[in-house]
Amino acid sequence: MPLTGPTALDLPAVSPLPEETEAYFKLCEDKLGLVPNVLRAYAFDIEKLTTFTALYNDLMLGNSGLSKLEREMIAVVVSSVNRCWYCQVAHGAAVRELSGDPALGEAMVMNYRAADLDPRTRAMLDFTVKVTEASSTIEEPDRQALRDHGFTDRDIWDIASVAGFFAMSNRMASAVAMAPNPEYHGTAR
């Protein structure tokens, strides 16, 4: 069945959208040039959309010792491990744009270990992979390795939070065949 909306499910957006949601979508259009399909996908239930965007905005845009680029790199590496098409495309574009380095965005999507990363970033992404693949095996030496690279305990919390959020988002996006916005493919190339 071909996609007619942002997912393979027949869940039309609330119509009309509430004023606050319309304003948020307009802000996305103004800032990003598009409304991300993940937001359109959640628009069938405004409470779910509001909950999703509140958590996303807190983790990805809120106060943190991690830069926006570092958080996007975490998002892409988790999405790469989970093979989430939507998030690899969308957040790979964000890494390209924030870093100004198209090759870095590609490496994050395909194999971050191939990228020319400083030891601190490599440690953060190695921890991210462990959170994604085998979080129950994380022990104090794993956290200490991050501290040894200058991460605070709050930073460790944020790394784990971003990784956990994208693990959930990846599963949702893959399960409903969420389609990335076509515009992402050409971003920052």
Side-chain angles (χ1 to χ4, degrees), residues 1-62 68-99 102 104-112 128-129 131-133 158 160-189:
M1 172 170 146
L3 293 181
T4 57
T7 73
L9 304 180
D10 184 18
L11 296 170
V14 169
S15 183
L17 288 172
E19 275 185 44
E20 300 82 25
T21 305
E22 279 288 347
Y24 186 64
F25 282 13
K26 173 84 170 92
L27 179 66
C28 290
E29 279 280 349
D30 293 344
K31 287 190 165 203
L32 305 173
L34 57 89
V35 177
N37 279 346
V38 67
L39 301 181
R40 292 189 188 284
Y42 274 94
F44 77 94
D45 184 322
I46 300 306
E47 190 173 320
K48 289 186 184 327
L49 173 63
T50 301
T51 301
F52 176 85
T53 57
L55 186 54
Y56 175 89
N57 289 337
D58 178 62
L59 292 173
M60 298 302 284
L61 305 172
K68 175 74 172 135
L69 176 58
E70 287 171 325
R71 289 179 266 185
E72 288 291 350
M73 291 170 86
I74 292 167
V76 177
V77 168
V78 170
S79 302
S80 178
V81 169
N82 290 326
R83 300 172 136 192
C84 177
W85 173 238
Y86 181 93
C87 292
Q88 286 177 323
V89 171
H91 296 280
V95 168
R96 290 191 308 271
E97 190 166 14
L98 289 168
S99 70
L104 179 62
E106 295 302 311
M108 291 300 105
V109 167
M110 294 179 196
N111 178 4
Y112 75 95
T128 295
V129 169
V131 169
T132 305
E133 293 180 335
D158 289 353
S161 293
V162 171
F165 176 81
F166 279 93
M168 182 277 295
S169 294
N170 293 167
R171 282 156 180 78
M172 282 300 303
S174 294
V176 302
M178 193 175 294
N181 299 64
E183 296 89 344
Y184 288 133
H185 296 289
T187 299
R189 294 204 183 259

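All heavy atoms count here, side chains included; hydrogens, waters and symmetry mates do not. Because the structure is predicted, anything quoted here is derived from the model rather than measured.
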| Any Arg71 side-chain heavy atom under 4.5 Å of His91 side chain | no
| said: With heavy-atom distances below 4.5 Å as the criterion, would you say the side chains of Asp30 and Cys28 are in contact? | reply: no
| Would a 4.5 Å heavy-atom cut-off, applied to side chains only, mark Leu39 and Phe25 as touching? | yes
| said: Counting neighbours of NZ on Lys48 that are heavy atoms of other residues, nucleotides or ligands and sit closer than 6.0 Å, is the number greater than 12? | reply: no
| query | Hey, are the side chains of Leu17 and Ile46 touching, using non-hydrogen atoms and a 4.5 Å cut-off? | reply | yes
| query | Can you name the closest pair of heavy atoms from Val95 and Gly105 and give their distance? | reply | CG1-CA, 3.7 Å
Using residues 81-88 as the side-chain source, report each donor-acceptor pair under 3.5 Å to any protein atom, sequence neighbours left out, with the distance given to one decimal.
residue: Asn82; atom: ND2; partner: Val78; partner atom: O; Å: 3.3
residue: Asn82; atom: ND2; partner: Asn170; partner atom: OD1; Å: 2.9
residue: Tyr86; atom: OH; partner: Asn37; partner atom: N; Å: 3.4
residue: Tyr86; atom: OH; partner: Val38; partner atom: N; Å: 3.1

| task | Applying side-chain contact (heavy atoms from CB on, under 4.5 Å), run through Leu49 and Tyr24 and close with a yes or a no. | result | CA-CA 11 Å; Leu49 173 63; Tyr24 186 64; 5.6 Å; no
| Could you state the interatomic distance from CD (Glu97) to CG (Leu69), rounded to the nearest 0.5 Å? | 11.5 Å
| remark: Tightest non-hydrogen contact, residues Ser161 and Leu59, listed as CB-CD2, 3.6 Å
| field | Ser174 (side chain) donor-acceptor with Arg171 (main chain) under 3.5 angstrom | value | no
| message | Ignoring hydrogens, what is the shortest heavy-atom contact between Leu104 and Ser99? Give both atom names and the distance. | response | CD2-CB, 3.6 Å
| Glu72 versus Lys68, closest heavy-atom pair with distance | OE2-NZ, 2.7 Å
| request: Quick one: closest heavy-atom pair of Ala160 and Val131, and the distance? | output: O-CG1, 4.5 Å
| Is there a donor-acceptor contact under 3.5 Å from the side chain of Arg96 to the main chain of Thr187? | yes
| message | Thr51 vs Tyr42, test: side-chain contact (heavy atoms from CB on, under 4.5 Å). Steps then yes/no. | response | CA-CA 10 Å; Thr51 301; Tyr42 274 94; over 6 Å; no
| field | Reported CG-to-OG1 distance for the pair Asn57 and Thr53, which is rounded to 0.5 angstrom | value | 6.0 Å
| query | Phe52 versus Met172: any side-chain heavy-atom pair under 4.5 Å? | reply | no
| query | Which class fits the ring pair Tyr56 and Phe165: parallel under 30°, tilted 30 to 60°, perpendicular over 60°? | reply | tilted
| task | Of all the heavy-atom pairs spanning Asn181 and Leu34, show the shortest one and how long it is. | result | ND2-CD1, 3.7 Å
| query | Does the side chain of Lys26 reach to within under 4.5 Å of the side chain of Glu22, using non-hydrogen atoms? | reply | no
